[in-house]
There are 2 protein chains.
Amino acid sequence: MATRTRRSQRRTEALSRERIVEAAVELLDTAGESGLTFRALTERLATGPGAIYWHVANKDELLGAATDAVIAAAVTVGTVAGTVGAATGTVGAATEGSRPATGEPGTTEPPASPQDDIRGVALGLFDAIARHPWLATQLAAQLSRSPWGTVTPRIFESIGRRVRALDVPESSWFTVTSALVHYILGAAGQNAANNASARSLPPGVDRDRFIDTVSRAWGELDPDEYPFTRAVADQMRGHDDREQFLAGVDLVLAGITATHHHGQE
Amino acid sequence: MATRTRRSQRRTEALSRERIVEAAVELLDTAGESGLTFRALTERLATGPGAIYWHVANKDELLGAATDAVIAAAVTVGTVAGTVGAATGTVGAATEGSRPATGEPGTTEPPASPQDDIRGVALGLFDAIARHPWLATQLAAQLSRSPWGTVTPRIFESIGRRVRALDVPESSWFTVTSALVHYILGAAGQNAANNASARSLPPGVDRDRFIDTVSRAWGELDPDEYPFTRAVADQMRGHDDREQFLAGVDLVLAGITATHHHGQE
DNA sequence: TTCCAGGTTGGAATGTCGTTCCAGAGTGTC
DNA sequence: GACACTCTGGAACGACATTCCAACCTGGAA
């Protein structure tokens, strides 16, 4: 241990897997998925590729580690409290206003219902993906490339426990939890992609103007071919992302209660 | 026009945007997302990069065109009949057995309910994504990068019309349709990614063995940290992808009826 | 028939990427 | 003081998307 202290004096900060992953997350957050290159990493860490490859097998593993780190933090925060706090992150992007979720911060709430718990975890993931848009793609890849890794079980467990608490019959646990996770990741991923493209495309144009453009484009579609899309063009103009996401969660929750009906409704 | 006929005699088949997109889809289907390179394209089409770039601006546009072509076909087929036929495609991958969907092929069904219609369209998209796993990523990118393009409105319109037929109040059209589309794309994307990784990882190992491996890994997790995931490890072993996907759709549909309750239930 | 303009082609060249290789520096042990 | 080990970073490689350009083909004008 004493030797370690010596060791770390060689450089102001010794290179380590954690420091690399940390730098990778920062690069991903600031420069997007394409911003994470080994060249940029070596510059940021003032080192060479060989040094990085000593700690990390390849880019895929690095992406996996970055995903794992962020998700672990998000799910942990989400498990402890009502998760709303997870929205106030370092980057502070995209999500604001209207938090109809669990409760005010600071006050200890009455024991939350499983439904509220699920909303909380879902919002935690939603916010994490909103803050780190690259998570969407990565999560989808990770959930399938290695379902034996730590990411999948973490998310699945977090949602699944609350599903069990909903009195869903055991035979439906897997199906119901899968549906919830799929909706959450699908919707959150879509939202993240939206934010990313709204941020990138025309510089200086904010989300409102972006949505406005889309709404206008939808409103000018062929009335014969796209009557419905034209009709909802206005609705999308005023919508709040988090609210709409939660409405979707509630829809699934309502479906669960309706399908596996039990006592209180 | 007569001149056009002459023109195409120059080569056995003249290079055209359609032929390029077609070749791109084939490459994507057989070799995966990373299989689509301009090198492979030039070989397959027996030409050079310059020729391709004459018809297509860049790789992104090519991916967009490929996505558009496949989705257009899928949604169209899905609109006409019960969509189950869409599963028997050229590649014939991934989806097999147990098709608990709308009806037998050939017989003209009694007028389907909006619910059945939605199941049909959803299955059409599910099968399309299962046959073309690269669609999942591409769709997510496309839905957000250019919601003014043809892809988004096509899907949205297809689902939205049926939502309207469900007597959902107009104020909720956008929210409900979004939730459905998000679930469908999320679940289908997950499934596609699963199939892709099951196909690639250990050659000669089929889906069943893949799922078996995951199930076993989940069964061996820490009982304290992952009690739920351990509990459902067995359930995932026997599950059918399409069935589970449809169960999720039904969950959302049930949620819609429960939330916006009206006459028949 | 000859010639030309412009649409079309494919090969060569460019710059960036992930990754590998390797000579050597730093550190603890005999 | 020499050895073995972990760790470093610069140089080099092959693959990629993309650009450039000299040559090609084709329909119409001369």
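Naming: A, B, ... by sequence-line order, numbering from 1 per chain. Nothing here was measured: the structure is a model prediction, and the numbers come from that model.
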Tell me: [atom1] of [X] to [atom2] of [N], nearest whole Å?
X	N	atom1	atom2	value
Trp54(B)	dC21(D)	CH2	C1'	13 Å
Ile52(B)	dT19(D)	CD1	C1'	14 Å
Leu27(A)	dG18(C)	CG	P	11 Å
Ile20(A)	dT8(D)	CD1	P	8 Å
Glu61(A)	dT19(C)	CD	P	11 Å
Asn58(A)	dT19(C)	CG	P	5 Å
His55(B)	dT18(D)	NE2	P	17 Å
Arg17(B)	dT8(C)	CZ	C1'	16 Å

Notebook entry, point to check: CG/Asn191(B) to CG/Asp127(B) distance, rounded to the nearest 0.5 angstrom?
Noted result: 9.0 Å

Quick one: which protein N/O atoms are closer than 3.5 Å to N/O atoms of nucleotides 15-17 of chain C? Pair and distance per line, please.
none

Which residues pass the side-chain hydrogen bond (donor to acceptor under 3.5 Å, both in side chains) test with [X], not counting sequence neighbours?
X	answer
Trp134(A)	Asp29(A)
Thr42(B)	none
Glu61(B)	Arg17(B)
Thr67(B)	none

Next item on the list: Taking ring-ring contact (aromatic ring centres under 6.0 Å, His included) as the test, write out the residues that go with Phe38(B), two or more places apart.
Entry: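 For Phe38(B), the residues satisfying ring-ring contact (aromatic ring centres under 6.0 Å, His included) (neighbours in sequence not counted) are Tyr53(B).
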
Next item on the list: Just jot down the ring-ring contact (aromatic ring centres under 6.0 Å, His included) partners of Phe156(B), sequence neighbours excluded, or say none.
Entry: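 Expected list: Trp218(A), Phe174(B).
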
Notebook entry, point to check: So which pairs with a foot in residues 39-55 of chain A pass salt bridge (charged side-chain N to carboxylate O under 4.0 Å, His left out), sequence neighbours left out?
Noted result: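 Pairs touching residues 39-55 of chain A that pass the test: Glu26(A)-Arg44(A).
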
Under 3.5 Å, which N/O atoms of the protein pair with N/O atoms of nucleotides 20-24 of chain C?
none

